[in-house]
Each structure stands twice: as C-alpha cells, then as structure tokens.
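Chain letters run A, B, ... following the sequence lines, proteins first, then strands; residues in each count from 1.
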Protein chains: 2
Amino acid sequence: MQEWNRHNAIADFVRNRRKKSDLTQIELADVTGVGLRFVRELEQGKPNLMTDKINQILLFFGHTLTPTPISDETRRNMGA
Amino acid sequence: MQEWNRHNAIADFVRNRRKKSDLTQIELADVTGVGLRFVRELEQGKPNLMTDKINQILLFFGHTLTPTPISDETRRNMGA
DNA sequence: CATTTTTATACCCGAAAAGGTATAAAAACA
DNA sequence: TGTTTTTATACCTTTTCGGGTATAAAAATG
C-alpha cells in the first residue's frame with residue numbers, strides 16, 4: 001500500500017480551510033454530506049480517494065479538483 | 001447514479017493533451033500504467049474516480065490534481 | 001464505398017474505498 | 001492537575017471501482 005502523506009495539497013487545503021472556518025471534522029462531514037471517516041482519512045493523507053467525495057468537500061470552500069502544472073502546485077491555492 | 005459529464009476539467013484536459021501528443025487511448029494507458037478501461041471512463045466523464053489513478057495520468061503531462069477556486073470556466077461545466 | 005483503426009459499451013471478478021461505530025490518543029480548557 | 005472536546009486508530013460490512021476482455025459503434029484511411 002502506498003504511504004499516507006499528511007502534507008499533500010488536498011489534505012492541507014481542507015485542514016486549513018476547515019480550521020479557518022472554525023469547524024470540527026464532524027461538523028464538516030455533516031455540512032458537506034460525506035462520512036466522518038472520509039474527512040479524517042482525507043486530512044490524514046490517504047492516497048486513494050474518490051474524486052466526487054473530495055469535490056463534495058471542496059465545493060463547500062468554493063473550490064474543485066482540477067489538473068494544475070506541477071510547478072504551480074504549492075503556489076496556486078495558498079490564497080484565500 | 002450521478003450522470004456522466006464528458007466535458008469536465010479533468011476529462012477535457014486528458015483528452016486534449018492525449019490528442020496533442022498523438023497517442024491513442026491504448027498507448028496512453030500503456031505508457032501511464034493504468035488500465036485501458038480507466039482511460040476511457042475518465043475521458044467519458046465518469047464522476048467517481050480514484051485520485052491516484054488520475055494522477056498517474058496527469059503526471060505524464062506534468063500536472064497533478066489540486067484544489068482550485070471555482071472559476072467561470074469550471075462553473076460553466078457544472079451543469080445548470 | 002470497403003477496410004482498418006480507434007473509441008465506446010457490456011460483462012464478470014477481485015480488491016479496495018466509504019460508511020458506521022467503538023475506543024484510544026491528543027489537544028484544549030478551566 | 002483533571003475534565004471536556006477534538007482527533008486518530010481499529011473492526012466490520014456494503015458498495016463499487018478498476019482490470020481484463022469481448023463486442024459494437026464510430027472514425028479514419030485507402
């Protein structure tokens with residue numbers, strides 16, 4: 001199995017935005033409609049996730065999964 | 001089941017880049033190491049896909065999946 | 001036109017994700 | 001310190017993705 005990387009673009013984004021919004025994992029799961037376990041595995045950096053579940057969460061923060069150049073990976077979404 | 005949307009950011013990106021590279025779906029599957037069926041389902045806009053499989057393909061084009069703000073372009077393809 | 005190449009749809013199966021929940025660990029707080 | 005809140009880990013079940021392959025449709029090529 002691939003190793004979990006807690007610090008990847010998606011996990012970091014969700015964790016940071018969630019905390020900025022003063023939400024617990026439970027609240028985020030509740031408001032986005034995904035399972036609590038999914039929120040946790042996502043933030044822990046589980047490598048294999050379903051795109052539509054991720055988008056369910058990202059949509060709450062006004063974002064979505066898109067292909068981006070690798071060089072821009074870190075820079076692109078640090079705003080907001 | 002969710003409807004397939006052939007024209008989403010990921011599907012369009014892969015289809016366009018593949019054609020620019022003059023590759024068939026078979027060749028892209030072969031060179032990226034993912035199954036042929038996956039390439040087809042991705043380009044057809046299957047909503048539920050595994051992130052690491054997508055990234056296997058995007059990596060070949062120097063890209064990766066990241067959360068990006070919902071722009072007019074992405075919102076245009078969200079239906080309704 | 002016919003023929004070849006490429007893409008799309010359908011089927012079965014194994015593997016793994018996602019959900020729910022219980023419990024343990026950690027963090028926040030008084 | 002002790003208490004409460006939040007987060008992390010573990011187990012089990014159901015669901016479904018992804019691979020492989022066969023076939024059909026569509027597109028390209030002569």
Next on the checklist: Once side chain to side chain donor-acceptor pair (under 3.5 Å) is applied, do any residues pair with A:Asn48, and if so which ones, sequence neighbours excluded?
Outcome noted: B:Asp52
Next on the checklist: Could you work out, with ring-ring contact (aromatic ring centres under 6.0 Å, His included) as the rule, every residue matching B:Phe13, not counting sequence neighbours?
Outcome noted: B:His63
Next on the checklist: Which residues pass the side chain to side chain donor-acceptor pair (under 3.5 Å) test with A:Asp12, not counting sequence neighbours?
Outcome noted: A:His7, A:Arg15
Item to check | Contacts of type salt bridge (Lys or Arg N to Asp or Glu O under 4.0 Å), residue A:Arg18, not counting sequence neighbours | outcome: A:Glu43
Next on the checklist: Going by side-chain contact (heavy atoms from CB on, under 4.5 Å), name the residues that satisfy it together with B:Leu59, two or more places apart in sequence or in a different chain.
Outcome noted: A:Ile70
Next on the checklist: Which heavy atom of A:Thr32 sits nearest to which heavy atom of A:Leu28, and what is that distance?
Outcome noted: OG1-O, 2.6 Å
Checklist outcome for this item: With sugar-phosphate taken as primed atoms, P, OP1 and OP2 and all else as base, the protein-contact string of nucleotides 25-30 of chain D at under 4.0 Å (heavy atoms; B, S, -) is ------
Next on the checklist: Any base atoms under 4.0 Å from B:Arg18, or only sugar-phosphate, or nothing? Heavy atoms, all strands.
Outcome noted: sugar-phosphate
Item to check | Options D:dT7, C:dT9, D:dG19, nucleotide nearest the side-chain atoms of B:Gln44 | outcome: C:dT9
Next on the checklist: Can you pull out every ring pair (Phe, Tyr, Trp, His ring centres under 6.0 Å) where at least one residue sits in residues 15-49 of chain B? Sequence neighbours excluded, please.
Outcome noted: none
Next on the checklist: Listing request: all salt bridge (charged side-chain N to carboxylate O under 4.0 Å, His left out) pairs with a residue in residues 55-64 of chain A, at least two apart in sequence or in separate chains.
Outcome noted: none
Item to check | Terminal helix-axis angle for the helix from C:dC1-D:dG30 to C:dA30-D:dT1, with five pairs defining each axis and rounding to 10 degrees | outcome: 70°
Checklist entry - Of all of residues 31-39 of chain B, which get a heavy atom below 4.0 angstrom from DNA chain D, listed by number? => result B:Val34, B:Gly35, B:Arg37, B:Phe38
Checklist outcome for this item: Per atom distances to the B:Arg6 side chain, the nearest of C:dA8, D:dT7, D:dC17 is C:dA8
Checklist entry - Which nucleotide in the set D:dG18, C:dA17, D:dT7 lies at the smallest distance from any side-chain heavy atom of A:Arg40? => result D:dT7
Next on the checklist: Once side chain to side chain donor-acceptor pair (under 3.5 Å) is applied, do any residues pair with B:Asn55, and if so which ones, sequence neighbours excluded?
Outcome noted: B:Thr64
Item to check | Sequence neighbours excluded, every pair satisfying salt bridge (charged side-chain N to carboxylate O under 4.0 Å, His left out) that has a member inside residues 27-38 of chain A | outcome: A:Arg37-A:Glu41
Next on the checklist: Once you apply a heavy-atom cut-off of 4.0 Å, does A:Glu43 come out as touching a base, just sugar-phosphate, or nothing?
Outcome noted: nothing
